[in-house]
> 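Can you keep this structure in mind? I'll have questions shortly.
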Amino acid sequence: QVQLVESGGGLVQAGGSLRLSCEASGRTLSSYDMGWFRQAPGKERDFVAGINWNGGSTNYAESVKGRFTISRDNAKNTVYLEMNNLKPEDTALYYCAATPARGPRAPQPTNFMTQDDYWGQGTRVTVSS
């Protein structure tokens, strides 16, 4: 019932910035908690950031805390990931995910591992040194 499309990836130098966008269709995002995940070549998919249904609560992986900011605009059915001070280790395919809202707190990574969750196709971020 939800389709997600990521955009905004690209090639940047270390220390640079990118803003990723995730646009949803099919249902309004007000019913969903949202998250960003990433997967580097040869590695598992890791949680990056999460945001609750109204944007009032967020959480981040320790590796990106202080550098990345997740936000949402429910009127535009869009979630963003602002990435600053990028490092080569941030290089990965970044995925947007939606999970039915459970409450007022930001979603945990495990919240996205249900049959009711939706995933985008990913957008690639490459950070050169």
Side-chain angles (χ1 to χ4, degrees):
Q1 296 185 27
V2 176
Q3 296 81 45
L4 304 173
V5 179
E6 303 95 334
S7 62
L11 173 64
V12 299
Q13 290 216 125
S17 299
L18 283 175
R19 173 177 282 187
L20 306 184
S21 298
C22 173
E23 296 188 36
S25 61
R27 290 287 186 273
T28 59
L29 288 188
S30 61
S31 299
Y32 295 89
D33 293 339
M34 302 295 296
W36 287 95
F37 292 72
R38 66 186 182 186
Q39 187 168 23
K43 294 189 175 182
E44 64 185 11
R45 187 173 297 186
D46 292 327
F47 173 78
V48 176
I51 188 167
N52 80 319
W53 69 275
N54 67 358
S57 182
T58 60
N59 64 338
Y60 298 89
E62 286 297 323
S63 59
V64 307
K65 193 173 298 182
R67 299 188 297 121
F68 291 11
T69 301
I70 186 172
S71 62
R72 65 191 300 162
D73 186 341
N74 286 347
K76 296 182 178 180
N77 275 357
T78 302
V79 178
Y80 305 95
L81 184 68
E82 183 75 33
M83 305 185 294
N84 302 124
N85 192 25
L86 284 161
K87 304 176 180 180
E89 51 263 43
D90 295 319
T91 295
L93 191 63
Y94 283 72
Y95 296 91
C96 176
T99 186
R102 300 187 186 186
R105 308 185 79 152
Q108 299 298 312
T110 54
N111 290 16
F112 296 90
M113 310 305 174
T114 81
Q115 64 187 59
D116 297 319
D117 300 333
Y118 300 89
W119 293 81
Q121 295 299 308
T123 185
R124 187 169 300 280
V125 172
T126 303
V127 184
S128 62
S129 59

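None of the values given here were measured: they were computed from a predicted structure.
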> Under 4.5 Å between any side-chain heavy atoms of Asn59 and Gln108, yes or no?
yes

> For residues Arg38 and Val64, determine if any side-chain heavy atom of one lies less than 4.5 Å from a side-chain heavy atom of the other.
yes

> I need the full list of disulfide (SG to SG under 2.5 Å) pairs touching residues 67-129, with sequence neighbours left out, sorted by first then second residue.
Cys22-Cys96

> Which residues pass the side chain to side chain donor-acceptor pair (under 3.5 Å) test with Gln39, not counting sequence neighbours?
none

> Hydrophobic cluster membership, with links at side-chain heavy-atom distances under 4.5 Å among I/L/V/M/F/W/Y: are Leu81 and Val12 in one?
yes

> If hydrophobic clusters are built by linking Ile, Leu, Val, Met, Phe, Trp and Tyr wherever their side-chain heavy atoms come under 4.5 Å apart, do Leu18 and Leu93 end up in the same one?
no

> If you link I, L, V, M, F, W and Y whenever their side-chain heavy atoms are under 4.5 Å apart, who else ends up in the same group as Tyr80?
none

> Looking at CE of Met113 and OG1 of Thr99, how far apart are the two atoms once the value is rounded to the nearest 0.5 Å?
9.5 Å

> Taking all non-hydrogen atoms of both residues, which atom of Ala106 and which atom of Ser57 are closest, and how far apart?
N-OG, 3.0 Å

> Apart from Trp53 itself, what residues make up its hydrophobic cluster when side-chain heavy atoms of I, L, V, M, F, W and Y under 4.5 Å apart count as a link, directly or indirectly?
none

> What's the spacing between Phe47 CZ and Tyr60 OH if we round to 0.5 Å?
9.5 Å

> Going by ring pair (Phe, Tyr, Trp, His ring centres under 6.0 Å), name the residues that satisfy it together with Tyr118, two or more places apart in sequence or in a different chain.
none

> With a 3.5 Å distance limit and no angle check, can you tell me whether Asn74 reaches the backbone of Asn77 through a side-chain donor-acceptor pair?
no

> Kindly write out the residues that satisfy side chain to side chain donor-acceptor pair (under 3.5 Å) with Ser25, not counting sequence neighbours, or none if the list is empty.
Gln3

> Supply the atom-to-atom distance Leu4 CG to Leu29 CG, rounded to the nearest 0.5 angstrom.
7.5 Å

> Could you list all the salt bridge (charged side-chain N to carboxylate O under 4.0 Å, His left out) pairs where at least one residue sits in residues 41-55, not counting sequence neighbours?
none

> What side chain to side chain donor-acceptor pair (under 3.5 Å) pairs are there with at least one residue in residues 11-23, not counting sequence neighbours?
Ser17-Asn84, Arg19-Glu82

> For Thr126, enumerate each residue passing the side chain to side chain donor-acceptor pair (under 3.5 Å) test, keeping only those at least two apart in sequence or located in another chain.
none

> Please list all pairs meeting salt bridge (charged side-chain N to carboxylate O under 4.0 Å, His left out) that have one or both residues in residues 92-121, counting only residues at least two apart or in different chains.
none

> Is any side-chain heavy atom of Glu6 closer than 4.5 Å to a side-chain heavy atom of Leu20?
no

> Kindly write out the residues that satisfy side chain to side chain donor-acceptor pair (under 3.5 Å) with Arg67, not counting sequence neighbours, or none if the list is empty.
Asp90

> Starting at OG of Ser71, measure out to CE of Met34 and round the result to the nearest 0.5 Å.
11.5 Å

> Not counting sequence neighbours, list each pair that qualifies as a ring pair (Phe, Tyr, Trp, His ring centres under 6.0 Å) and has a residue in residues 84-116.
Phe37-Phe112

> Do the non-hydrogen side-chain atoms of Phe68 and Leu86 ever get within less than 4.5 Å of each other?
yes

> Quick check: closest heavy atoms across Val2 and Ala24, and the distance to 0.1 Å?
CG1-CB, 4.3 Å

> Write down the atom of Pro107, the atom of Asp33, and the distance for their closest heavy-atom approach.
CG-CB, 3.7 Å

> Once you round to the nearest 0.5 Å, how far does CZ of Arg124 lie from OG1 of Thr91?
9.5 Å

